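So the structure is just underneath, and the comments pick up after that.
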Amino acid sequence: MTVSLTLRRPDDWHVHLRDGQMLAAVADATARQFARAIVMPNLKPPVTTAAAAAAYRDRIRAAVSPGLKFEPLMTCYLVDGIDSDELVRGHAQGIFTAAKLYPAHATTNSAHGVTDVRHIYPALEAMQRIGMPLLIHGEVTDHTVDIFDREAVFIERILKSVVADFPALKIVFEHITTKDAVDFVRDSGPNIAATITPHHLAINRNAMFEGGMRPHFYCLPVAKRELHRQALRQAATGGDPKFFLGTDSAPHAVETKESDCGCAGIYCAPLAIESYARVFEEEGALDRLEGFASEHGPRFYGLPLNPDFITLERVATPVPPRIPAAGTEIVPFHAGEVLDWRFVA
Ligand SMILES: [Zn+2]
C-alpha cells in the first residue's frame, strides 16, 4: 500500500479568498498547499479595474504568512459594457490573468454580473485576440428554470453560441457539476477546459438533505444527482488534460450558512489536496492526481509548471468541526470526518 505521495506542487485554478479579516484568516490555507491560485473577483464592490486588482493582489500577499511562497493570479469581474482597453492593458501589465463571467445574480456578490452576454462581446473579441482566458460561472439565472437544470440549460442557451462566435477564445467552464458539462468540454476544441471541485467529486445532492437540512453542503452550482457525480469522477481521474483542479473554496461565517437564507459556498481549502487524493485513490487513479492537480492547469493557461514538490502521507487525519476565523468560525468541508491522507510539506 502506498504510504507517501510526492507530487509537483499543485495550483488552485479557482478560489475565493475574500477580503479584510476573512482574507487574513483563510489566505494561508490556500498558500500552504498551492503555489498559485486564480483568485475570484466577486468582492463588494467587484474587482473591475487593473488598479483594483493590483491593490487586492497586494492585500493577499500581505495576508499570507512570511515563508509561504504564493502567487495570486488576478481576475477581472466582467460587467455589462466593460471597457476592453482596460482588460487588454491589465493583461499586458501582468495584473489580469483572466476575466470572469458571472451571469447577474448567479451566486455570492454577483449582482453586478452580466445581464446579457452580448453586452461583453467587445471584451470577448479583445480577449480572444490577446489569448486571455474567459472563466465562466455556467448557470442561467432564469428562475423559471429548475435549479438542478441551470448548468445544462446554460450550455444550450449561452455557451454554445459564445464558443461558435469566438472559436479561438480560451474558456474555462468553472466548477462543473453535470455530465452535460463533461460531455460538452470533452467534445469541444482544445481551447475549452473545465475545473472540478473536491466537493462535487465527493457528494451528490442527497448530502444536503441527509436526515435534515445540511446547509454546509449547499454551494452553487448546487450538487447534482449521482450519475453526474460519477461523470465528474471519470473526467477528473481519467487523465484528460481538459480537466483540472479548482477548489472553489468559498468561506462563509457559520452564522451566515446556518440561517433562514443561508449563503452558498463550501470551505474546502484547508484539506483540499487530501480530499482530491481520497477520490483519486477510490478510483484507482492516484498516479493521475499529479496531472490533474499540477500539470493540466498551467499547460492550459500557458504558464510554467511549479519547480517544487509536495508530500502527502497516509495517516488518519481528523477534520475539525469548526475553524476559528475573523472573530467567528467556519465549518470546513469534511468537518468531523477522518481523511486518509495528510499534506506534510
Ligand atoms: Zn466560485
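Both ligands and their constituent atoms are indexed starting at 1 by order of listing. None of these values were measured; they are calculated from a predicted model.
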Close aromatic pair by centroid cut-off 6.0 Å: Phe333 and Tyr267 |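 Not under 6.0 Å, so no.
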Using a strict threshold of under 4.0 Å (side-chain N to carboxylate O), is an ion pair present between [Y] and [X]?
X      : Y      : result
Glu329 : Arg322 : yes
Asp12  : Arg36  : no
Glu283 : Arg278 : no

Between CZ of Arg118 and CG of Leu124, what distance do you get to the nearest 0.5 Å?
->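 The distance works out to 11.0 Å.
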Can you run down the side-chain hydrogen bond (donor to acceptor under 3.5 Å, both in side chains) pairs that involve residues 186-196, sequence neighbours left out, and say none if there aren't any?
->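 For residues 186-196, and leaving out neighbouring residues, the side-chain hydrogen bond (donor to acceptor under 3.5 Å, both in side chains) pairs sorted by first residue read Glu174-Thr195.
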Polar protein atoms near the Zn ion (ligand 1) [N, O or S; cut-off under 2.8 Å] |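 As for protein N, O or S atoms lying under 2.8 Å from the Zn ion (ligand 1), they are His14 NE2, His16 NE2, Asp248 OD1.
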